[in-house]
Amino acid sequence: AQSVTQLGSHVSVSEGALVLLRCNYSSSVPPYLFWYVQYPNQGLQLLLKYTSAATLVKGINGFEAEFKKSETSFHLTKPSAHMSDAAEYFCAVSTPGGRRALTFGSGTRLQVQP
Amino acid sequence: DGGITQSPKYLFRKEGQNVTLSCEQNLNHDAMYWYRQDPGQGLRLIYYSQIVNDFQKGDIAEGYSVSREKKESFPLTVTSAQKNPTAFYLCASNMGGVGEKLFFGSGTQLSVL
């Protein structure tokens, strides 16, 4: 079975500081991994995805994530936080040969302080 | 513009009542999905459909029903058997491939009167 765990339901950073949101996955086969962002009362938008090509994946709005098989991790980073980055972030996984639907983590709410 | 439309944006349910949430897409996607979002629990899969006239239960299907009579439409009915229906419901779609991104609607907030 596939699953993801997001450590930290709330993360607070200062504007201009590094953003690090953690995601660990569980999968018996090489997974596909995704990060989505949700602004208040809206649906989700894709930030980036890993599908077994380059292990360092660059996404929109300056975000990137690195797939580390040895650590079963796919952490999301951004070098310098902006006020507009305040939102909820979800990690998700799917696996070849498995259920054709994404399994989501519990989410991390990012707060950016001025 | 292509996209996914969910309606209504807000919905209220009385005790013992069934309510239906609408989801329509004009992206020509084969697959459609319903997720339930509760604070602190992320998104949980209710039902999904890979093709017309076929659908599968997700992780929390009890108390819900769906139909897929048309490619564009995937309505979700919250039945009276669902004892805790208050949540934000999200519909999504894609072409059905495992590594494909999901396109989401803007959601329906369901509350119990």
Side-chain angles (χ1 to χ4, degrees), chain A residues 1-11 21 23-25 27 29-54 57 59-60 67 74 87-109, chain B residues 3-10 21 23 25 27 29-51 54-61 66 74 87-111:
Chain A
Q2 60 197 33
S3 66
V4 289
T5 302
Q6 291 185 241
L7 294 175
S9 59
H10 289 83
V11 170
L21 304 182
C23 173
N24 288 88
Y25 68 89
S27 174
V29 298
Y32 297 124
L33 293 160
F34 305 77
W35 275 100
Y36 283 84
V37 61
Q38 184 182 34
Y39 298 101
N41 299 316
Q42 294 185 26
L44 280 67
Q45 304 170 32
L46 181 70
L47 277 177
L48 49 82
K49 69 175 184 179
Y50 167 77
T51 56
S52 76
V57 182
I60 62 172
F67 174 72
F74 190 57
E88 189 152 23
Y89 293 79
F90 294 93
C91 185
V93 64
S94 65
T95 53
R99 181 173 72 180
R100 290 195 171 193
L102 291 187
T103 298
F104 285 84
S106 55
T108 297
R109 184 165 297 279
Chain B
I4 301 178
T5 301
Q6 289 188 242
S7 63
K9 191 170 179 64
Y10 300 97
L21 284 61
C23 178
Q25 55 99 359
L27 299 167
H29 284 164
D30 291 318
M32 297 186 74
Y33 309 80
W34 275 106
Y35 286 91
R36 170 178 170 145
Q37 184 176 14
D38 296 277
Q41 297 193 51
L43 278 69
R44 292 180 290 167
L45 183 67
I46 305 173
Y47 270 99
Y48 64 108
S49 168
Q50 294 288 314
I51 57 173
D54 189 38
F55 49 82
Q56 289 78 40
K57 293 182 179 180
D59 299 317
I60 56 165
V66 294
F74 192 41
F88 191 56
Y89 291 85
L90 286 162
C91 180
S93 71
N94 65 9
M95 287 305 294
V98 176
E100 289 190 29
K101 78 173 197 178
L102 289 175
F103 293 78
F104 281 87
S106 55
T108 293
Q109 176 65 50
L110 175 62
S111 302

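Remember, it's a predicted structure, so these values are computed and weren't measured experimentally. By convention in this document, chain letters (A, B, ...) are assigned in the order of the sequence lines, proteins followed by strands, and residues within each chain are numbered from 1.
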Closest non-hydrogen contact found for B:G40 with A:S106 is O-CB, 3.6 Å
When the 4.5 angstrom heavy-atom criterion is applied to B:L90 and chain A, the contacting part is side chain
Pair count under 4.5 Å, heavy atoms only, with chain B: among A:A101, A:S94, A:G107, highest is A:A101
Closest non-hydrogen atoms of A:K49 and B:E100, given as atom of the first, atom of the second and distance, are NZ-CA, 4.1 Å
If one checks every heavy atom of A:Q6 against chain B at 4.5 Å, the contacting part turns out to be neither
Whatever's closer than 4.5 Å to a heavy atom in chain B on A:L44 counts as both
So, the part of A:E88 with a heavy atom under 4.5 Å from chain B: the answer is side chain
Under 4.5 Å to a heavy atom of chain B? For A:T95 that would be backbone
A:F67 meets the ring-ring contact (aromatic ring centres under 6.0 Å, His included) criterion, sequence neighbours left out, with A:Y25, A:Y50
Cut-off 4.5 Å, heavy atoms of chain A, and the answer for B:D38 is neither
query: Does the side-chain contact (heavy atoms from CB on, under 4.5 Å) test come out yes or no for B:Y33 and A:L102, once each step is laid out?
result: CA-CA 10 Å; B:Y33 309 80; A:L102 291 187; over 6 Å; no
Here the pair of heavy atoms bringing A:R100 nearest to B:Q50 is O-NE2, 3.2 Å
Test item: A:Y36 side-chain N/O and B:L102 main-chain N/O as donor-acceptor pair under 3.5 Å:
yes
One should read off an interatomic distance between A:Q42 CD and B:F104 CZ, to the nearest 0.5 angstrom, of 13.0 Å
Sorted by chain and residue number, the side-chain hydrogen bond (donor to acceptor under 3.5 Å, both in side chains) partners of A:T51 (sequence neighbours excluded) come out as none
Whatever's closer than 4.5 Å to a heavy atom in chain A on B:Q41 counts as backbone
If one checks every heavy atom of B:F103 against chain A at 4.5 Å, the contacting part turns out to be neither
